[in-house]
Participant: 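This structure is in structure tokens; I'll ask about it shortly.
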Amino acid sequence: MSIEIIIQKAAVEAIKSLYQGEVNENQVQVQNTRKDFEGDITIVVFPFLRLSKKSPELTAEELGKYLTENVDLIESFNVIKGFLNLVISNEYWLGILGESYSNKNYGFKTVGEDAELVMVEYSSPNTNKPLHLGHIRNNLLGHSISEIVKANGKKVIKTNIVNDRGIHICKSMYAWQKWGNGETPESSGLKGDHLVGKYYVEFDKHYKAEIAELVESGMAKEEAENQAPSIIAARELLRKWEAKDQETVELWKTMNGWVYKGFDVTYKTLGVDFDKIYYESDTYLVGRDEVLRGLDEGIFYKKEDNSVWADLTGEGLDQKILLRSDGTSVYMTQDIGTAKMRFNDYSIDKMIYVVGNEQNYHFQVLAKLLDKLGFKWGKDLYHFSYGMVELPSGKMKSREGTVVDADDLVEGMVQVARDMSAELGKLENLSEEESENTFKMIALAALKYFILKVDPRKNMMFNPEESIDFNGNTGPFIQYTYARIRSVLRKAAEQNINITDSVTVDALSVKEKELLKRISLFPAAIVEAGDNFSPALIANYCYELVKEFNQFYHDHSILGETDENKRNFRLLLATVVSSVVQKGMGLLGIEMPERM
RNA sequence: GCUCCGGUAGCUCAGUUGGAUAGAGCAACUGCCUUCUAAGCAGUAGGUCAUGGGUUCGAAUCCCGUCCGGAGUACCA
């Protein structure tokens with residue numbers, strides 16, 4: 001039971017006994033005492049004035065007196081205006097520390113056999129171009145939220161739906177056929193996804209030129225966009241693909257294969273993975289069948305041009321197309337099929353889609369459609385909607401070349417880590433392999449933390465001109481503090497100092513107590529991050545803990561402490577802090593180096 | 001037009017179910033490496049929380065209006 005709840009319950013009793021009044025536990029506003037006041041936990045007494053019929057000060061005095069007398073772990077109190085500051089006993093805080101040290105799960109719940117099954121969809125790339133910064137945000141959020149849900153005791157299946165078919169890949173295929181001269185990843189030395197992306201750009205270049213030419217010769221722009229030879233050729237490829245033309249399917253397989261190889265490298269670098277991958281080419285037909293079933297059952301309707309629609313005007317939404325007039329699937333059709341396949345494959349209790357907020361409307365509609373089709377789980381799907389990554393120049397657009405490529409970004413940051421480390425004279429006695437490993441760890445920590453520390457729902461700004469920071473509120477700062485703690489613990493071990501979990505210290509410094517308070521809040525942070533789908537909460541928690549530790553570290557000697565009890569206590573504290581930070585950062589997919 | 005989201009320091013972001021004097025980092029300026037790692041610590045400066053009203057003991061937070069920005073809006077994914 002957390003300290004807040006203990007205090008809340010006690011306060012409810014106190015109000016009953018003092019004023020014969022009933023209050024709900026939630027009405028007891030408990031918060032951490034601000035640093036500039038004495039005390040640990042503060043109760044706001046304003047809500048009780050109508051019961052006490054006394055001034056805020058007097059009410060707080062009476063409540064404080066009652067609580068101090070009746071609750072063991074409350075040692076003393078002071079009152080400032082309507083705020084009752086309670087001082088919690090050292091024994092309580094030390095108990096937290098001893099328990100954390102011996103128990104070691106730090107608020108992580110174990111996943112039982114009958115735990116709720118949560119499927120998390122994230123990443124979901126198109127196969128016509130490499131991953132960029134927007135995808136990185138998606139991947140990191142998806143992976144992190146999976147870890148957080150797991151830590152809250154749920155079974156998680158991470159899934160990826162790959163958009164492997166459609167006009168986009170046909171554009172790359174056509175351009176490669178026409179201008180590729182048989183180029184392959186091997187012959188060009190390019191990563192597969194980059195090679196295919198190159199031909200996507202190539203397509204667009206020619207396509208644009210053709211449109212310009214047609215417009216020049218007097219054609220309307222819209223018509224030109226439909227009549228340009230390149231787009232006609234790409235559409236023809238799509239038709240051939242849908243008709244299972246062997247040569248086309250072979251090319252499609254080959255080029256997608258290149259892309260998957262490339263993606264695998266990027267995923268591995270980012271440290272994300274999946275338990276199950278779905279491909280649109282497998283699910284779109286299932287979706288089409290579902291839509292046709294809906295049509296038979298009168299849930300959907302058909303227009304004269306043979307297109308199939310859902311009427312959602314009754315639900316406050318619009319009409320939505322589900323099958324084009326030529327009978328082919330749209331995005332929504334595919335998502336219906338994918339959902340059906342997933343629920344057939346697994347007994348999913350909750351489905352989470354990690355998809356950008358530009359698709360809020362799409363998921364609103366999807367939930368309604370699945371519900372209409374009779375899937376119980378339809379309306380329970382959760383769209384984890386995150387904000388866009390913006391550049392100073394505005395939105396990222398692949399065609400305009402304003403994207404920040406994922407691989408380039410990571411490589412650039414590893415280089416910065418290398419340079420900085422050399423400049424600071426770090427890691428000089430490590431082998432090249434070990435230091436390279438550490439540079440990667442640091443670079444990825446900087447990138448991941450930079451992205452995950454901001455509220456996922458908000459758009460975020462990334463300035464490619466200024467490289468991501470390694471100082472201040474950053475991943476490397478947290479790693480650095482961790483590495484220093486580990487270094488102290490190594491030295492303690494070298495000196496044969498044993499750490500025991502029996503703590504006997506009678507006076508705690510302000511900083512020590514502050515650290516203990518923060519440690520005690522970690523389990524609550526995990527729950528909160530899970531409830532709010534917010535890795536940012538964990539990131540900020542870790543930063544504050546580590547910042548606090550750095551200050552502590554600065555003015556408290558650990559190994560130099562001569563009082564053995566105190567030294568033991570501080571070593572214990574350092575151990576627990578490092579474990580909590582490691583666990584917390586683990587939830588963000590950030591590894592902690594032993595040295596840096 | 002309509003719907004949704006956002007606006008906090010020069011910049012990037014925090015800000016607990018409404019609570020005390022608004023919090024970090026970056027950038028700027030001052031100090032601190034003979035002491036467990038200076039990717040650090042201590043400090044200075046920087047705010048009409050877009051704006052106008054309302055609710056109340058109390059509002060960055062809740063409600064209404066206005067302005068600005070972003071996204072979506074029936075055969076792209």
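Since we're looking at a predicted model, the values are computed, not measured. Chain identifiers are assigned alphabetically (A, B, ...) following the order of the sequence lines, protein sequences preceding nucleic acid strands; residue numbering begins at 1 within each chain.
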Participant: Are the side chains of A:Asn160 and A:Tyr122 in contact, using a 4.5 Å heavy-atom criterion?
Facilitator: no
Participant: What does A:Ile442 touch in the nucleic acid at a heavy-atom separation under 4.0 angstrom: a base, only the sugar-phosphate, or nothing?
Facilitator: base
Participant: Using OP1 and OP2 only, check whether a side-chain N or O of A:Lys458 sits under 4.0 Å from B:U12.
Facilitator: no
Participant: In this structure, is the centre-to-centre distance between the rings of A:Tyr480 and A:Phe477 below 6.0 Å?
Facilitator: no
Participant: What's the closest nucleotide to the A:Asn163 side chain, out of B:U73, B:A77, B:C41?
Facilitator: B:A77
Participant: Please confirm whether the shortest side-chain N or O distance from A:Asn357 to OP1 or OP2 of B:G70 is below 4.0 Å.
Facilitator: no
Participant: Tell me yes or no: between the side chains of A:Asp469 and A:Thr474, is some donor less than 3.5 Å from an acceptor?
Facilitator: no
Participant: Tell me what A:Lys320 touches on the nucleic acid: a base, only sugar-phosphate, or nothing, going by heavy atoms under 4.0 Å.
Facilitator: nothing
Participant: Go through the side-chain N and O atoms of A:Asp40 and A:Thr33 and say whether any donor and acceptor fall under 3.5 Å apart.
Facilitator: no
Participant: By nearest heavy atom, map A:Val546 and A:Gln29 onto RNA chain B; which one lands nearer the 5' end?
Facilitator: A:Gln29
Participant: Any donor-acceptor pair, under 3.5 Å, between the side chain of A:Asp305 and the base of B:C75, if you only look at N and O atoms?
Facilitator: yes
Participant: Give one of base, sugar-phosphate or nothing for A:Met420, where a contact means two heavy atoms less than 4.0 Å apart.
Facilitator: base
Participant: Expressed as a whole number of Å, how far does the P atom of B:G58 sit from that of B:A42?
Facilitator: 37 Å
Participant: Closer than 4.0 angstrom, basic N to acidic O: yes or no for A:Glu242 and A:Arg165?
Facilitator: yes
Participant: How many Å lie between NZ on A:Lys129 and C1' on B:C76, as a whole number?
Facilitator: 11 Å
Participant: Counting any heavy atom closer than 4.0 Å, what does A:Gln319 reach on the DNA or RNA strands: base, sugar-phosphate only, or nothing?
Facilitator: base
Participant: Base, sugar-phosphate, or nothing for A:Arg457, non-hydrogen atoms under 4.0 angstrom?
Facilitator: nothing
Participant: Centroid distance below 5.5 Å plus an interplanar angle below 30 degrees: do A:Phe37 and B:A20 meet both conditions?
Facilitator: yes
Participant: Report yes or no: is there a donor-acceptor pair, N or O only, under 3.5 Å between the side chain of A:Thr42 and the base of B:A20?
Facilitator: yes
Participant: Describe the nucleic acid contact of A:Met388 in one word from base, sugar-phosphate, nothing, applying a heavy-atom distance below 4.0 Å.
Facilitator: nothing
Participant: Using a strict cut-off of less than 4.0 Å between a Lys/Arg side-chain nitrogen and an Asp/Glu carboxylate oxygen, indicate whether A:Asp455 and A:Arg457 qualify as a salt bridge.
Facilitator: yes
Participant: Could you measure between the two P atoms, the one in B:U12 and the one in B:G31, and give it in whole Å?
Facilitator: 30 Å
Participant: Give a yes/no answer on whether the side chain of A:Lys491 brings an N or O atom under 4.0 Å of OP1 or OP2 in B:U37.
Facilitator: yes
Participant: Quick one: which of B:G25, B:A20, B:C26 gets closest to the side chain of A:Ile80?
Facilitator: B:A20
Participant: So which of residues 479-489 of chain A are in contact with RNA chain B, with a heavy-atom cut-off of under 4.0 Å?
Facilitator: A:Tyr480, A:Ala483, A:Arg484, A:Ser487, A:Val488
Participant: Can you tell me the distance, in whole Å, between the CH2 atom of A:Trp309 and the P atom of B:U73?
Facilitator: 13 Å
Participant: Measuring from the side chain of A:Leu559 (C-beta onward, heavy atoms only), which nucleotide among B:C36, B:G70, B:A24 has the closest atom?
Facilitator: B:C36
Participant: Which is more 5' along RNA chain B, the nucleotide nearest A:Ile558 or the one nearest A:Pro47? Just name the residue.
Facilitator: A:Pro47
Participant: Nearest to the side chain of A:Gln551, heavy atoms from C-beta on, is which of B:A77, B:A39, B:C41?
Facilitator: B:C41
Participant: Would you kindly check whether a donor in the side chain of A:Asn85 faces an acceptor in the base of B:A20, or vice versa, at under 3.5 angstrom?
Facilitator: yes
Participant: Do A:Lys221 and A:Glu225 meet the salt-bridge criterion of a basic N to acidic O distance under 4.0 Å?
Facilitator: yes
Participant: Between B:A39, B:A20, B:U12, which nucleotide has the shortest distance from any of its atoms to the side chain of A:Met461?
Facilitator: B:U12
Participant: Would A:Phe48 and A:Tyr19 count as a close aromatic pair, with their ring centres under 6.0 Å?
Facilitator: no
Participant: Would you say A:Lys426 reaches B:A39's phosphate, i.e. side-chain N/O to OP1/OP2 under 4.0 Å?
Facilitator: yes
Participant: Please, which pairs that meet ring pair (Phe, Tyr, Trp, His ring centres under 6.0 Å) have at least one residue in residues 519-540 of chain A, sequence neighbours excluded?
Facilitator: A:Tyr382-A:Phe533, A:Phe384-A:Phe533, A:Phe522-A:Tyr541
Participant: Provide, to the nearest angstrom, the distance between the CG atom belonging to A:Leu573 and the P atom belonging to B:C36.
Facilitator: 19 Å
Participant: Distance only, no hydrogens: is a donor on one side chain within 3.5 Å (strictly under) of an acceptor on the other, for A:Arg235 and A:Asn226?
Facilitator: yes
Participant: In dot-bracket form, how is RNA chain B paired, counting a Watson-Crick or G-U wobble pair only if both its distances are under 3.5 Å and using | for bases paired to another strand?
Facilitator: (((((((..((((.....[...)))).(((((.......))))).....(((((..]....))))))))))))....
Participant: Categorize A:Val44 for me: base, sugar-phosphate, or nothing, with a 4.0 angstrom heavy-atom threshold over every strand shown.
Facilitator: base
Participant: Indicate, with a heavy-atom threshold strictly under 4.0 Å, whether A:Ser385 touches base, sugar-phosphate, or nothing.
Facilitator: nothing
Participant: Could you check how far CD of A:Gln27 sits from P of B:U17, rounded to whole Å?
Facilitator: 16 Å
Participant: Using whole Å, report how far CG of A:Asn459 lies from P of B:G70.
Facilitator: 10 Å
Participant: Does the pair A:Arg490/A:Glu594 count as a salt bridge with the N-to-O cut at 4.0 Å?
Facilitator: yes
Participant: Salt bridge between A:Lys320 and A:Glu315, side-chain N to carboxylate O under 4.0 Å?
Facilitator: no
Participant: Rounded off to whole Å, could you give me the OH-to-P distance for the A:Tyr361 and B:A74 pair?
Facilitator: 8 Å
Participant: Taking syn as a glycosidic torsion within 90° of 0 and anything else as anti, which one is B:C33?
Facilitator: syn
Participant: Under 5.5 Å centre to centre and under 30° between planes: does that hold for A:Phe46 and the six-membered base ring of B:G19?
Facilitator: yes
Participant: Within the structure shown, what part of the strands sits under 4.0 Å from A:Glu466 by heavy-atom distance: base, sugar-phosphate, or nothing?
Facilitator: nothing
Participant: Between B:C75, B:A20, B:C13, which nucleotide gets closest to the side-chain atoms of A:Val454?
Facilitator: B:C13
Participant: Rounded to whole Å, how long is the line connecting atom CD of A:Glu548 with atom P of B:A24?
Facilitator: 11 Å
Participant: Atom CG of A:Asn360 and atom P of B:G6: how far apart are they, to the nearest Å?
Facilitator: 11 Å
Participant: For the pair A:Tyr353 and A:Phe363, name the ring-plane relationship: parallel under 30°, tilted 30 to 60°, perpendicular over 60°.
Facilitator: tilted
Participant: Between B:A45 and B:U51, how far apart are the two C1' atoms, rounded to whole Å?
Facilitator: 27 Å
Participant: Taking any heavy-atom pair under 4.0 Å as a contact, classify A:Asp455: base, sugar-phosphate, or nothing.
Facilitator: sugar-phosphate
Participant: When all nucleic acid strands are considered with a 4.0 Å heavy-atom cut-off, which category describes A:Phe470: base, sugar-phosphate, or nothing?
Facilitator: base
Participant: Base, sugar-phosphate or nothing for A:Tyr553? Non-hydrogen atoms, less than 4.0 Å.
Facilitator: base
Participant: To the side chain of A:Ser421, which of B:A39, B:A20, B:G19 is closest?
Facilitator: B:A39
Participant: Taking B:G18 as the reference, what is the distance to B:U56 when you measure between their P atoms (whole Å, please)?
Facilitator: 16 Å
Participant: Between B:U66 and B:G1, how far apart are the P atoms? Round to whole Å, please.
Facilitator: 12 Å
Participant: Within the pair A:Arg595 and B:A39, is there a side-chain N or O less than 4.0 Å away from OP1 or OP2?
Facilitator: no
Participant: Side chains of A:Ser172 and A:Asn128: donor-acceptor distance under 3.5 Å anywhere?
Facilitator: no
